[in-house]
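Some notes on the structure that comes next.
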Amino acid sequence: MDKIMEKFELLYEGKVREVYDIGDKLVISATDRISAFDHILKNVVTDKGAILTQMSKFWFDFTKDVIPNHMVSVDVNDMPEFFRNDKYAGRSMMCKKLTMLPIECIVRGYITGSGWASYKDNGTVCGIKLPEGLQESEKLPEPIYTPSTKAEIGDHDENISFEKSIDVLEKKFPGKGEEYATKIKDATIAIYKKCAEYALSKGIIIADTKFEFGLDENGEVVIGDEMLTPDSSRFWPLEGYKPGQGQPSYDKQFVRDWLKSNPDSDYLLPEDIIEKTVEKYKEAYKLLTGEEFKRA
């Protein structure tokens, strides 16, 4: 008698990712959905999920000497039979279970986006005073850490100070707030510096990015979620980089810019924008990893 394949229910469905509980581990599958301005767009971007997963794998491997990560395997053959098919192959990562910390760890190495708008208004970014006379897209003297709360789908993340992040963590982990807040801040800056330096050598500026951290079964801080993908970062080409203006982008800023220019789009992108977006993702993948993207 044939063995009935075990099915796994969705534990959580985010804007882009689906998370499955497989017992002592999780399987996180990145879909081809794309989100912007806290909305899920009506299009899908072919291969996007696989690119995000493979790029995260690259960075998790690259930074494991800085901080442990939650990755176990991206090979569906290492996962339950339920995942061994085209729907999940290439786009899924089996991970350790973590107790996630309720902070998005944002690091900015260049001044752009909402940070630039805030700086023009009052000379600060998320309450951090910056030197006078900075230009749009200029490299900051040192990367700055600007954490935020993690919002539910449809809500907006809220920028908070480092001191406020201590309070948020202390409420959830009494007696550990300052320790965890300091650890994730220091890890965020250290990872960013290492990866930004590497990316620059490959022709890509990482202007800013965000990380998420959790606690493993031993209470150690571990990086989870995704890592330095075009969905969670601003990637600019080094060639042609010029402060004093906006920069062309390898990430979904390309999508954001189109949506801003087409406010009546109802979050539906034309096909040429979708094609250009996936081309940008693949180009960034090749530059950073040195390999052509191939769907597993």
Side-chain angles (χ1 to χ4, degrees), residues 14-17 34-40 100-132 134-173 176-193 195-196 205-214 221 223-236 246-247 249 251-253 255-257 259-260:
K15 294 171 193 165
V16 172
R17 283 170 182 74
I34 188 167
S35 70
F37 305 118
D38 293 316
H39 283 78
I40 298 170
M100 297 306 291
L101 302 179
I103 300 290
E104 290 218 327
C105 299
I106 300 163
V107 56
R108 305 169 191 257
Y110 294 72
I111 188 162
T112 185
S114 61
W116 171 241
S118 174
Y119 177 78
K120 284 193 296 181
D121 183 49
N122 57 30
T124 71
V125 175
C126 298
I128 299 171
K129 184 74 176 169
L130 294 179
E132 293 181 8
L134 294 176
Q135 301 181 72
E136 182 179 7
S137 305
E138 188 170 344
K139 185 176 183 181
L140 297 172
E142 277 293 317
I144 59 172
Y145 176 67
T146 59
S148 77
T149 57
K150 294 201 298 196
E152 297 296 321
I153 292 178
D155 293 334
H156 292 280
D157 298 339
E158 178 192 351
N159 292 325
I160 57 175
S161 65
F162 172 68
E163 290 71 26
K164 176 67 174 174
S165 77
I166 295 175
D167 294 340
V168 170
L169 290 165
E170 183 65 27
K171 277 183 186 171
K172 187 158 185 182
F173 305 97
K176 291 285 191 175
E178 186 169 5
E179 177 190 337
Y180 290 160
T182 301
K183 278 186 175 178
I184 62 178
K185 176 185 178 180
D186 291 349
T188 294
I189 298 289
I191 295 166
Y192 174 76
K193 284 184 171 180
C195 297
I205 293 169
I206 303 176
D208 53 38
T209 192
K210 65 180 178 181
F211 304 121
E212 294 193 30
F213 297 87
V221 173
I223 189 165
D225 196 56
E226 64 182 318
M227 188 174 186
L228 287 162
T229 71
D231 265 20
S232 64
S233 319
R234 279 191 178 92
F235 292 159
W236 297 337
Q247 308 297 317
S249 165
D251 54 67
K252 68 178 181 182
Q253 189 62 39
V255 169
R256 294 189 193 103
D257 291 344
L259 288 169
K260 280 183 183 175

Between Met227 and Ile191, is a side chain to side chain contact (heavy atoms under 4.5 Å, CB included) present by the stated rule, with each step listed?
CA-CA 10 Å; Met227 188 174 186; Ile191 295 166; 3.3 Å; yes

What do the steps show when you test Ile206 against Phe235 for side chain to side chain contact (heavy atoms under 4.5 Å, CB included), and what is the final call?
CA-CA 5 Å; Ile206 303 176; Phe235 292 159; 3.8 Å; yes

Could you check Ser165 against Lys185 for side chain to side chain contact (heavy atoms under 4.5 Å, CB included), going step by step and ending with a plain yes or no?
CA-CA 10 Å; Ser165 77; Lys185 176 185 178 180; over 6 Å; no

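With contacts defined as side-chain heavy-atom distances shorter than 4.5 Å, the pair Val107/Thr209 qualifies. Using a 4.5 Å heavy-atom cutoff, the side chains of Val125 and Leu140 are not in contact. For the pair Thr149 and Pro102, the minimum side-chain heavy-atom distance is 4.5 Å or more. Counting heavy atoms from C-beta outward, Asn159 and Thr146 have side chains that stay 4.5 Å or more apart.
Shown here are the side chain to side chain contact (heavy atoms under 4.5 Å, CB included) partners of Glu136, two or more places apart in sequence or in another chain: Trp116. Residues satisfying the side-chain hydrogen bond (donor to acceptor under 3.5 Å, both in side chains) criterion with Asp208, sequence neighbours excluded, are Arg234. Thr112 meets the side-chain hydrogen bond (donor to acceptor under 3.5 Å, both in side chains) test with no other residue; sequence neighbours excluded. Taking Gln247 as the reference, Ser137 meet the side-chain hydrogen bond (donor to acceptor under 3.5 Å, both in side chains) condition, with sequence neighbours excluded. Residues forming a side chain to side chain contact (heavy atoms under 4.5 Å, CB included) with Thr182 (at least two apart in sequence, or on another chain): Phe162, Glu178, Asp186. Shown here are the side-chain hydrogen bond (donor to acceptor under 3.5 Å, both in side chains) partners of Ser249, two or more places apart in sequence or in another chain: Asp251.
Considering every non-hydrogen atom in both Asp225 and Arg17, the closest pair reads OD1-CD, 4.4 Å. Of all heavy-atom pairs between Ser148 and Ile106, the closest is OG-CD1, 3.8 Å. Here the closest heavy-atom approach between residue Phe213 and residue Val221 is recorded as CD2-CG1, 4.0 Å. What you find for Arg108 and Cys126 is that their closest heavy atoms are NH2-SG, 3.8 Å. The minimum heavy-atom distance between Thr188 and Ile184, with the atom names listed, is OG1-O, 2.7 Å. Scanning all heavy atoms of the two residues, the minimum distance from Ile103 to Tyr145 falls at CG2-OH, 4.1 Å.
Without hydrogens or angle criteria, Ser118 side chain to Ser114 main chain gives no donor-acceptor distance under 3.5 Å. Counting only distance, with no hydrogens or angles, the side chain of Tyr192 and the backbone of Lys210 share no donor-acceptor pair below 3.5 Å. Side chain of Tyr119 to main chain of Ile111: no donor-acceptor pair is present (N/O by atom type, distance under 3.5 Å, no hydrogens or angles).
The CD1 atom of Ile223 sits 7.5 Å away from the CG atom of Leu228 when rounded to the nearest 0.5 Å. With rounding to the nearest 0.5 Å, the separation of CZ in Phe37 from CG in Leu259 is 6.0 Å. Going from atom CG of Leu130 over to atom CG of Asn122 covers 9.5 Å, rounded to the nearest 0.5 Å.
With hydrogens and angles left out, the side-chain atoms of Asp231 and Thr229 include no donor and acceptor closer than 3.5 Å.
The neighbour count for Lys183 NZ, taken as heavy atoms of other residues, nucleotides or ligands under 6.0 Å away, is above 12. Residue Lys260 qualifies as open at atom NZ: its count of foreign heavy atoms under 6.0 Å is 12 or below.
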